[in-house]
Amino acid sequence: MKKNILLNILVCFIIFLGSCSKNVANKNGAVSSTSKIASQVGVNVLKQGGNAFDALVATGFALAVTSPANGNLGGGGFLVARTSSGEIISLDFREKAPRSSFEKMFLDENENYDKEIALYSHKSSGVPGTVDGLIKIFEDYGSGKFTLQQIIEPAIILAKNGFPLEEAAAYSFDNYKFEFLEDKGSTDIFINSNDEVLSLKKRFTNNDIEEKEYKERLDAIDIWKEGDIFVQKDLSKTLERIAINGRMGFYQGVTADLIVNEMQKNGGLISKDDLIKYESKYRVPIIGTYKNYVIASMGPPSSGGTLLVQMLNMLENFNIAEMKRNSSEFVHLLTEVQRLAYADRSIHLGDPDFWDNPIEILISKKYAKERLKLISLNEATPSDEIAAGHQFAESNETTHYSVMDKYGNTAGITTTINFSYGNKKIVDGAGFLLNNEMDDFSAKPNVPNAFGLVGDKANAIEPYKRPLSSMSPTLVINEKGETILTLGAAGGSRIITAVLQIILSVIDHDLTIQKAIDHPRTHSQWIPDLIFYEKKSLNSKTMKQLKDLKHKFYKETTDLARAHGIQRKDGTFITGADKRGEYNGKEAITY
Ligand code: GLY
């Protein structure tokens, strides 16, 4: 217990090292992430003269320790950034399908989608891209003032010595006991040698108790509480190997051996060759305009940037600023525009290394006007009357963090292992969770994946292909050429519509980023033909008006995506951090 208190003090000291930063507007720089400890790691790098890219990479490695539900070494993601010289870059470090994957690998003998295998088996994991991506960002865009070891060192210390859990994390670990107990590595880390839980598991394995009783009794046991020190020794060693050997510390040697052992023992597909061959790629960013602003976002294999620009192009034809946010007029228009864009997503988008994405058409103002002819302002359009645009038939638990620095660099990453804690399997001996990103492929035409998204050939499984994503790290640049916003979100298919609504709130309704993030949101995605809505987003009058327009609703929800970002206004940095889900909105830091 004494040790816990001392460690608590040590970590609090790291957090406040050299400053008493507050979440208020400031002029030197800012880091926004889902972990206050990880954000402070990034701010410390900025204070030591690092640029936004150094700080972003340090924050990313720290998140792999502080936020096991979504920060990761075992997943992948996308960077969208703008350098001080004005260059806009996007890096794709999305996971890739292993060489031995194949189109029907998630279908059972009756050709039905097997959710268990697609989401919870070792076959659900794509080849991780995060380590390659973070190192590439550091090497290509870092300031050159730090070694990789210096950048990863805070993450190593946090993993080796541990850090105090926040209440939400303790609750979340306990919430997944049943799943963690299915896996040896996860049991070692998240069950914390709890005798009562381990003996229950033994009784269940020996068929001494029924599953129902087992789950109920597991639920009643709390292993973790706020302030407990969470130590990850194996993860600290993996991070040390990366710090010393760079990408080879992950894709070759001991870490690669541990990943491949884990796969071979459990029927997974990732091989040594898959790991050695993994490479992140710079992609052409999606660039669009909305009013006088330039929008820069992620292109395929993310659908995020394309859909975002497509929807903004359609909305530009209306006076959004005059519409009341979340009025029936606004929500109706948003829903119709979302319907059109997500219908296109299902057919036309996939990994650009495998599929010819008709981006130029999809993000053109002309196409937006043509698509708008399909909808009415007076009535909901049934989704089964809307298909993807066909005039070009020749073609087909995530987290966001960003940094802005005083030199003019802005960088944002959205990264994921798909579900919270990915497939809940830890690479035994290496201490990190595996993704279940293979479910982002379309396992079978028009059969929804875990996010209810449907797809077809463009996003079918093929060896070495990257699954289509919704992650949307995005920048907004004003008419003076200043980057005024960097943002992104977690939440699968809801990411794109959350980023859209935040941008509208900032540009059209002149809200600060925090208020824009706080504002209750709605979401729709063509299929299912429903409006998803957060608590307090729609009052009863608006709901009735929308029902009169023939809209149908999913049940009320508390949490349509979790967004984080930074705004630059009048020379100061303003952070935005979501209060939805497990977050308290205090994770982002300016200095
Ligand atoms: N795994 C969710 C996404 O990439 O959209």
Side-chain angles (χ1 to χ4, degrees), residues 34 63 67-72 74-80 90-97 106 115 118-120 123-130 133 280-281 283 286 297-308 338 341-342 344-346 349-352 357 397-401 412-424 433-443 448-455 458-459 461 465-474 487-500 523 525-527 532 559-564 581:
T34 53
L63 280 167
S67 307
N70 43 42
N72 67 81
F78 302 114
L79 162 88
V80 173
S90 71
L91 181 71
D92 164 11
F93 51 96
R94 180 83 161 153
E95 302 90 328
K96 292 176 80 165
F106 296 137
K115 193 172 154 184
L119 287 168
Y120 303 112
K123 288 191 176 65
S124 68
S125 302
V127 184
T130 296
S280 48
K281 278 190 158 181
R283 303 280 187 192
I286 297 290
S297 191
M298 192 67 212
S302 178
S303 60
T306 310
L307 265 66
L308 180 65
Q338 289 165 356
Y342 278 80
D344 275 340
R345 183 194 195 275
S346 70
L349 298 178
D351 181 347
N357 293 283
E397 193 172 83
T398 307
T399 189
H400 182 83
Y401 53 106
I413 280 180
T414 311
T415 180
T416 185
I417 41 177
N418 200 21
F419 274 20
S420 274
Y421 308 98
N423 64 5
K424 328 280 189 281
L433 283 153
L434 287 162
N435 68 80
N436 54 351
E437 220 70 67
M438 293 288 286
D439 186 63
D440 275 352
F441 280 115
S442 167
N449 73 0
F451 294 104
L453 291 166
V454 294
N459 191 31
I461 305 174
K465 192 173 175 181
R466 290 166 156 106
L468 189 61
S469 172
S470 299
M471 291 189 281
S472 316
T474 298
L487 84 157
S493 56
R494 292 101 189 263
I495 292 173
I496 314 170
T497 55
V499 169
L500 172 73
H523 165 80
Q525 57 181 50
W526 177 53
I527 290 174
F532 296 75
D559 180 0
L560 288 173
R562 276 108 34 222
H564 285 75

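Every number for a ligand or one of its atoms is a count from 1 in the order of the listing. Quick caveat: nothing in here was measured; it's all calculated off a predicted structure.
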Can a salt bridge be assigned to the pair Arg94 and Asp440 using a cut-off of 4.0 Å between side-chain N and carboxylate O? yes
Specify whether Phe451 and Phe419 have parallel, tilted or perpendicular ring planes, treating 30° as the upper limit for parallel and 60° as the lower limit for perpendicular. perpendicular
Thr398 versus Asn70: any side-chain heavy-atom pair under 4.5 Å? no
Does a side chain donor of either Arg345 or Ser470 reach within less than 3.5 Å of an acceptor in the other side chain? yes
Check the side chains of Gln338 and Thr497 for a donor-acceptor pair under 3.5 angstrom, ignoring hydrogens and angles. no
With a 4.5 Å heavy-atom cut-off, do Tyr342 and Ile527 have their side chains touching? no
Pairs of nitrogen or oxygen atoms, one from ligand 1 and one from the protein, closer than 3.5 Å: please tabulate them with distances.
from     : atom 1 : to     : atom 2 : distance (Å)
ligand 1 : 1 (N)  : Asn418 : OD1    : 2.7
ligand 1 : 1 (N)  : Glu437 : OE2    : 2.6
ligand 1 : 1 (N)  : Asp440 : OD2    : 2.6
ligand 1 : 4 (O)  : Arg94  : NH1    : 3.0
ligand 1 : 4 (O)  : Arg94  : NH2    : 3.4
ligand 1 : 4 (O)  : Asp440 : OD2    : 3.2
ligand 1 : 4 (O)  : Ser469 : OG     : 2.7
ligand 1 : 5 (O)  : Ser469 : OG     : 3.4
ligand 1 : 5 (O)  : Ser470 : N      : 2.7

